[in-house]
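Worksheet: one structure, shown below.
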Amino acid sequence: MRILLLLLLPIGDTLFTTPAIHALRRRYPDAEITALVYPTNLGILRNNPDIDRFLLWPTRESFPGLRGVLKLFWELRRAHFDLAVEFCSYITWVTKWSGIPRRTHMHMPRFWWVLPWAGREWRKRHAVEHYAGPILRLDIPVEDWELRISPTQEEEDKAQLWLDRYKVGSDELLVGIHPGGEGLWGRKQWSVERFACVADGLADRVGARIVIMGGKGDAESAAELASSTRAPLINAVGQTTLGETAALPRGWAIFIGNDSSPLHIAAAVGTLVAGIYGPTDPRSYHPWVAGGAEGEDYAVVRSHLACACKFPLVGGTTLLGWVTCLLCPSLQTIAPEQVLNAAVGLLTQSALAELPDPRS
């Protein structure tokens with residue numbers, strides 16, 4: 001059996017599909033599973049044992065020319081896939097054109113883009129649960145809800161070499177901070193000045209050493225943060241692959257960031273995380289820890305403005321509602337002390353969890 005996964009998604013959303021992909025692999029252990037991905041989200045899945053091969057969708061940065069595009073479409077056509085799993089709904093013509101006889105897709109509320117009540121129930125569920133929908137429609141249960149990202153051994157070794165280069169001691173309390181994020185055209189980014197206050201507060205309160213994480217597009221905000229804080233820090237922005245970004249935070253005390261892929265990657269590898277949420281709805285996008293609880297395994301810091309946290313996964317609100325979310329000033333009302341208290345609270349919970357039970 002040959003299966004095509006349509007995974008033209010942002011990086012964080014790609015990570016959210018991994019429990020569904022794992023369930024598919026468990027049902028069809030001998031199938032050849034191919035993922036159609038962007039070059040940008042390939043790193044999330046590159047070493048995933050549930051996927052056999054990848055096809056790259058051309059982007060503006062990686063456009064292969066007309067011949068390369070025609071070659072991709074011809075390869076999709078001649079592969080004779082038996083099943084297509086459509087995790088993105090806006091480009092389903094690809095699977096139809098490829099002649100795939102059986103397709104399963106995301107279920108969207110009818111007329112969600114104009115009817116405010118159409119996505120009411122949709123908004124109550126996390127994106128991970130929504131991405132499981134196409135698999136559940138095949139009567140395949142999702143029994144393991146863990147997110148999966150698997151750095152290669154080379155990426156693990158490079159992450160350790162990177163820490164050695166900065167002379168990071170095994171007893172140091174490391175805190176990751178991600179001040180960037182491209183989602184919603186940058187409207188999910190908390191101010192760099194407030195991140196600097198949090199970094200200084202953690203250095204003062206718990207003696208933390210700060211590691212600034214992010215991609216090359218976050219270089220400007222990282223440089224501004226580095227120049228605005230007196231906390232001891234390491235600037236790792238633009239220096240790590242997605243696999244190394246997953247390998248590095250293992251064993252760190254906590255990771256703090258905007259609702260963006262580094263936050264969700266850190267949560268996926270078992271690091272405590274505190275996420276800062278302005279326009280996005282935590283019901284759809286809170287850090288996913290299977291079986292975990294807010295306040296114990298992760299923290300969500302949000303504004304109490306009426307317009308805050310209203311931007312859900314596609315299908316949860318009208319297009320007009322999205323425009324309103326883009327204009328929401330909720331991030332400006334979140335104070336550094338809120339984030340600092342949430343982070344220290346998680347660290348305290350973690351320290352208490354490691355103490356022996358006095359009743360034993």
Side-chain angles (χ1 to χ4, degrees), residues 10-13 15-16 19 122-131 145-147 175-184 186-191 194-195 197-199 201-202 205 208 213-214 249 252-313 316-317 321 325-326 328-350 352-353:
I11 295 172
D13 287 67
L15 185 61
F16 291 157
W122 179 267
R123 289 193 293 272
K124 297 178 182 179
R125 300 168 62 200
H126 195 277
V128 171
E129 298 169 297
H130 287 303
Y131 285 123
W145 290 94
E146 295 283 345
L147 302 183
V175 173
I177 285 184
H178 176 232
E182 298 178 353
L184 295 188
R187 287 173 174 81
K188 294 194 290 184
Q189 295 182 20
W190 199 41
S191 74
R194 298 182 188 193
F195 270 116
C197 291
V198 171
L202 286 170
R205 288 198 196 182
M213 300 292 293
W252 292 6
I254 194 170
F255 191 100
I256 303 168
N258 301 312
D259 172 27
S260 191
S261 57
L263 178 79
H264 298 295
I265 291 172
V269 299
T271 304
L272 290 174
V273 296
I276 302 166
Y277 287 74
T280 49
D281 191 338
R283 290 178 297 180
S284 293
Y285 294 113
H286 70 72
W288 183 262
V289 180
E294 184 178 344
E296 296 178 11
D297 302 285
Y298 64 89
V300 170
V301 185
R302 69 197 86 189
S303 167
H304 295 291
L305 289 183
C307 63
C309 300
K310 295 293 180 67
F311 196 103
L313 187 70
T317 190
C325 287
L326 295 178
C328 176
S330 55
L331 277 175
Q332 301 170 22
T333 68
I334 298 175
E337 199 66 22
Q338 289 177 256
V339 178
L340 188 57
N341 289 340
V344 172
L346 282 179
L347 290 172
T348 303
Q349 286 277 358
S350 177
L352 289 175

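Count residues from 1 along the sequence.
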Check whether the ring centres of Phe16 and Trp288 lie less than 6.0 Å apart, and answer yes or no. no

Hey, are the side chains of [X] and [Y] touching, using non-hydrogen atoms and a 4.5 Å cut-off?
| X | Y | answer |
| --- | --- | --- |
| Lys310 | Thr317 | no |
| Phe255 | Met213 | yes |
| Leu313 | Trp122 | yes |
| Leu326 | Leu184 | yes |
| Val198 | Trp190 | yes |
| Leu15 | Val128 | no |

Indicate the atoms forming the closest heavy-atom contact of [X] with [Y], along with that distance.
| X | Y | result |
| --- | --- | --- |
| Ala208 | Val175 | CB-CG2, 3.6 Å |
| Val273 | Ala267 | CG1-N, 3.7 Å |
| Leu305 | Ser330 | CD1-CA, 3.7 Å |
| Cys325 | Pro279 | O-CB, 3.7 Å |
| Glu146 | Pro19 | O-CG, 3.4 Å |
| Tyr277 | Cys309 | O-SG, 4.2 Å |

Treating [X] as the side-chain partner and [Y] as the backbone partner, does any N or O pair qualify as donor plus acceptor under 3.5 Å?
| X | Y | result |
| --- | --- | --- |
| Asn258 | Ile276 | no |
| Arg194 | Ile334 | yes |
| Gln349 | Glu296 | no |
| Asp281 | Arg283 | yes |
| Thr271 | Pro249 | yes |

Heavy-atom count check: over 12 atoms from other residues, nucleotides or ligands less than 6.0 Å from Gln338 CD? yes

Drop me the distance from [X]'s [atom1] to [Y]'s [atom2], to the nearest 0.5 angstrom.
| X | Y | atom1 | atom2 | answer |
| --- | --- | --- | --- | --- |
| Arg125 | Ser284 | CZ | OG | 10.0 Å |
| Asp13 | His130 | CG | NE2 | 11.0 Å |
| Lys124 | Glu129 | NZ | CD | 13.0 Å |
| Thr280 | Lys188 | OG1 | NZ | 5.5 Å |

Checking Val289 against Leu147 for the side chain to side chain contact (heavy atoms under 4.5 Å, CB included) test, could you report, in this order, the C-alpha distance in whole Å, the side-chain angles of both residues, the deciding distance, and whether it holds? CA-CA 8 Å; Val289 180; Leu147 302 183; over 6 Å; no

Between Asp259 and His264, a side-chain donor and acceptor under 3.5 Å: yes

